[in-house]
Novice: 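The structure that follows is given in the form of structure tokens.
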Amino acid sequence: MVGDPAKDRERDRLSGRLARFAKVGAGLSGAAVSYGANRVFAGDDADARNAKALKAALGNLKGPLMKAAQMFATVPDLLPPEFAKELAELQTNAPAMGWPFVRRRMAAELGADWAGKFQSFEHEAAAAASLGQVHRAVAPDGRALAVKLQYPDMQSAVESDLGQLRALVGLFKKMDGSIDPTQMIEEVGDRLREELDYDREARMMAVYGGFFAGRDDIRTPQPVGELSTKRLLSMTWLDGQGLMAFKGAPQETRDRIAALLFEAWWGPMTHIGVIHGDPHLGNYTFGGEGAAHLNLLDFGCIRVFPPRFVGGVVRLYRALSEDDRPGQGEAYRSWGFTNLTDELVDVLNVWARFIYGPLLDDRVRTVADDTPPGEYGRREAFKVRQALKSVGGIVIPREFVFMDRAAIGLGAAFLHLGARHNWRALFEASLEGFSEEGLAERQKAVLGAAGLS
């Protein structure tokens, strides 16, 4: 990677935080004005119009609040369906910044002669998200590249937005005492800071590339270090189509896609304790004849778990399979849940039996029969929220956040496909030879080799 950290003009700083605070306030004020007007004029579609106003405000703001909105949209029963639908679209339809920004970013990261370091560089963004956008380019040696540019002043934006999110969390806790999301905000903050470090993302890309080395059916890009910095990441381009292009494909094709997704997320989890924490549809494509291979595209939100946590995931699976009550409680404790009572374990088991449900059923099936993808988990989440109120609420452990998000995101993808598998058999295959000690040794070696220890 190139760049001089001592000359970093976009490090977290007070002036950047204040500017971001004012910008966020203005954007949300605009959404509030629209919300007020919609309330006055009401109508059956008021919620839909309010949701569109909030989506527009967050999309123009970019940055952490938009990222948080995407995450909230994937948590069942946290938002009304109209809001969840609009905010979920921010994941793949975020408005891109224009060419003046691209020129400034490229010159700041690679120097005034940056254009000469590529054979070509497309002006229009190929994709845009909450923290950055991607452009197609061609390297001097002719390789097709994806060049990821971080939006300006994101470090200051993260710290400013996290402060406002904490204030919102305080309001949420007063309105709904079933869940204390304080640790969730801390977790989101740490992961957002990691997402802004493109050097870390390149190293995680290498971790996944090494894990799936020798497999032609799961592919990762290769980072190009001489054309990358902490805010500019160049990598090889992987051609493919999004998952939704295969909704009408033959059942065999859709089942193969689902199996690849399952292995790409849970294989690294059970072998080296890492998981892709952002499984939305823009982070992978499928290439080759009949979706022969999966392309993993984004490695900014890779969660590294302590071996004890992964051991708890496996322990709970086995305890639920064997109706082992003490084992269930021990699994929840290893995840970081505290003040466990029999009543609280019963409530947690409602959600656990939903998430683990396909893995506990030794037969070929969908992950949830007759459930639309957008409603996956909503009924169970509502039941858990109501039950938690009766037992005094709960603090959600931070390490639980991204594992749960991955499970929900993948389940929705499998429902989009209508995929059918013996999910238990797939999971058991990923557990072959599992032990916490072995995982700890492999994790230490892999992360150390990537310079991430």
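Side chains are part of it too, since the values below use all heavy atoms of this structure and drop only hydrogens, waters and symmetry mates. Quick caveat, the model's predicted, so the values are computed rather than measured.
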Novice: Salt-bridged, Arg398 to Glu186, with N to O below 4.0 Å?
Specialist: no
Novice: Do the side chains of Asp217 and Arg256 get close enough for a salt bridge, i.e. N-O under 4.0 angstrom?
Specialist: no
Novice: What's the verdict on side-chain contact (heavy atoms from CB on, under 4.5 Å) for Leu348 and Ile394, showing C-alpha distance, side-chain angles and the deciding distance?
Specialist: CA-CA 10 Å; Leu348 292 176; Ile394 193 170; 3.8 Å; yes
Novice: Can you list the steps and then say if Tyr356 with Val313 is a side-chain contact (heavy atoms from CB on, under 4.5 Å)?
Specialist: CA-CA 10 Å; Tyr356 282 91; Val313 173; 3.5 Å; yes
Novice: Testing the basics here: between Met269 and Leu439, what is the closest heavy-atom pair and its distance to 0.1 Å?
Specialist: O-CD1, 3.7 Å
Novice: Would you find a donor on one side and an acceptor on the other, under 3.5 Å apart, between the side chain of Ser120 and the backbone of Ala137?
Specialist: no
Novice: Less than 4.5 Å apart, any side-chain heavy atom of Leu232 and any of Thr229?
Specialist: yes
Novice: Does Trp266 offer a backbone N or O that forms a donor-acceptor pair with the side chain of Thr270 under 3.5 Å?
Specialist: yes
Novice: Side chain of Thr285, backbone of Gly242: donor and acceptor closer than 3.5 Å?
Specialist: no
Novice: A side-chain contact here means heavy atoms from C-beta on lying under 4.5 Å apart; do Phe212 and Pro268 qualify?
Specialist: yes
Novice: Closer than 4.0 angstrom, basic N to acidic O: yes or no for Arg136 and Glu124?
Specialist: no
Novice: Give me the atom names and distance for the closest heavy-atom approach of Ala125 to Ala96.
Specialist: CB-CB, 3.8 Å
Novice: Hey, are the side chains of Val207 and Leu452 touching, using non-hydrogen atoms and a 4.5 Å cut-off?
Specialist: yes
Novice: To the nearest 0.5 Å, tell me how far Thr220 OG1 sits from Leu294 CG.
Specialist: 10.0 Å
Novice: Is Glu263 atom CD crowded by more than 12 heavy atoms from other residues, nucleotides or ligands, each under 6.0 Å away?
Specialist: yes
Novice: Would you name the heavy atoms of Ala258 and Ala419 that are closest together and state the gap between them?
Specialist: CB-CB, 3.4 Å
Novice: Val134 and Ala146: which non-hydrogen atoms are nearest, and at how many Å?
Specialist: CG1-CB, 3.9 Å
Novice: Calculate, to the nearest 0.5 Å, the distance between atoms CH2 and CG belonging to Trp423 and Leu359 respectively.
Specialist: 9.5 Å
Novice: Ion pair present between Lys230 and Glu109, side-chain N to carboxylate O less than 4.0 angstrom?
Specialist: no
Novice: Kindly say whether Thr236 contributes a backbone atom to a donor-acceptor pair with the side chain of Arg143 at under 3.5 angstrom?
Specialist: no
Novice: Using the ring of each side chain (for Trp, its six-membered ring), is Tyr317 parallel, tilted or perpendicular to Phe427, with breaks at 30° and 60°?
Specialist: perpendicular
Novice: Please confirm whether the ring centroid of Phe286 lies under 6.0 Å from the ring centroid of His293.
Specialist: no
Novice: Verify, without hydrogens or angle tests, whether Ser430 (side chain) and Gly267 (backbone) share a donor-acceptor contact under 3.5 angstrom.
Specialist: no
Novice: Any side-chain heavy-atom pair from Pro307 and Gln443 closer than 4.5 angstrom?
Specialist: yes
Novice: Would Trp335 and Phe305 count as a close aromatic pair, with their ring centres under 6.0 Å?
Specialist: no
Novice: Using a 4.5 Å cut-off on heavy atoms from C-beta on, say whether the side chain of Val395 contacts that of Gln183.
Specialist: yes
Novice: Can you find a heavy atom in the side chain of Glu195 that is under 4.5 Å from one in the side chain of Arg200?
Specialist: no
Novice: Do the side chain of His135 and the main chain of Glu122 share a donor and acceptor less than 3.5 angstrom apart?
Specialist: yes
Novice: Quick one: do Arg231 and Gln155 satisfy side-chain hydrogen bond (donor to acceptor under 3.5 Å, both in side chains)? Show the steps, please.
Specialist: CA-CA 11 Å; Arg231 296 191 183 90; Gln155 280 187 286; 2.7 Å; yes
Novice: Say you draw a straight line from CG of Asn283 to SG of Cys301; how long is it, rounded to the nearest 0.5 Å?
Specialist: 9.0 Å
Novice: Roughly how far, to the nearest 0.5 Å, is the CD atom of Gln133 from the NZ atom of Lys148?
Specialist: 11.5 Å
Novice: Which pair of non-hydrogen atoms, one from Gly282 and one from Leu297, has the smallest distance, and what is that distance?
Specialist: O-CD1, 4.1 Å
Novice: Which heavy atom of Gly418 sits nearest to which heavy atom of Arg254, and what is that distance?
Specialist: O-NH1, 3.7 Å
Novice: Are the side chains of Pro152 and Phe101 in contact, using a 4.5 Å heavy-atom criterion?
Specialist: yes
Novice: Is the closest basic N to carboxylate O distance between Lys117 and Glu226 below 4.0 Å?
Specialist: no
Novice: Angle between ring planes, Phe121 versus Phe118, binned at 30° and 60°: parallel, tilted or perpendicular?
Specialist: perpendicular
Novice: Any donor-acceptor pair under 3.5 Å linking the side chain of His416 with the backbone of Lys247?
Specialist: no
Novice: Would you sort out whether Leu233 and Val147 count as a side-chain contact (heavy atoms from CB on, under 4.5 Å), showing the intermediate values?
Specialist: CA-CA 6 Å; Leu233 179 56; Val147 182; over 6 Å; no
Novice: Charged N to carboxylate O under 4.0 angstrom, Arg193 versus Asp197?
Specialist: no
Novice: Would you say Leu149 and Met106 make side-chain contact, with heavy atoms under 4.5 Å?
Specialist: yes
Novice: Evaluate side-chain contact (heavy atoms from CB on, under 4.5 Å) for Trp265 paired with Leu296, printing each intermediate quantity in order.
Specialist: CA-CA 10 Å; Trp265 260 261; Leu296 286 173; 3.7 Å; yes
Novice: Between CG of Leu261 and CG of Leu426, what distance do you get to the nearest 0.5 Å?
Specialist: 11.5 Å
Novice: As an exercise, state the distance from CG of Leu131 to CE of Met154, rounded to the nearest 0.5 Å.
Specialist: 7.0 Å
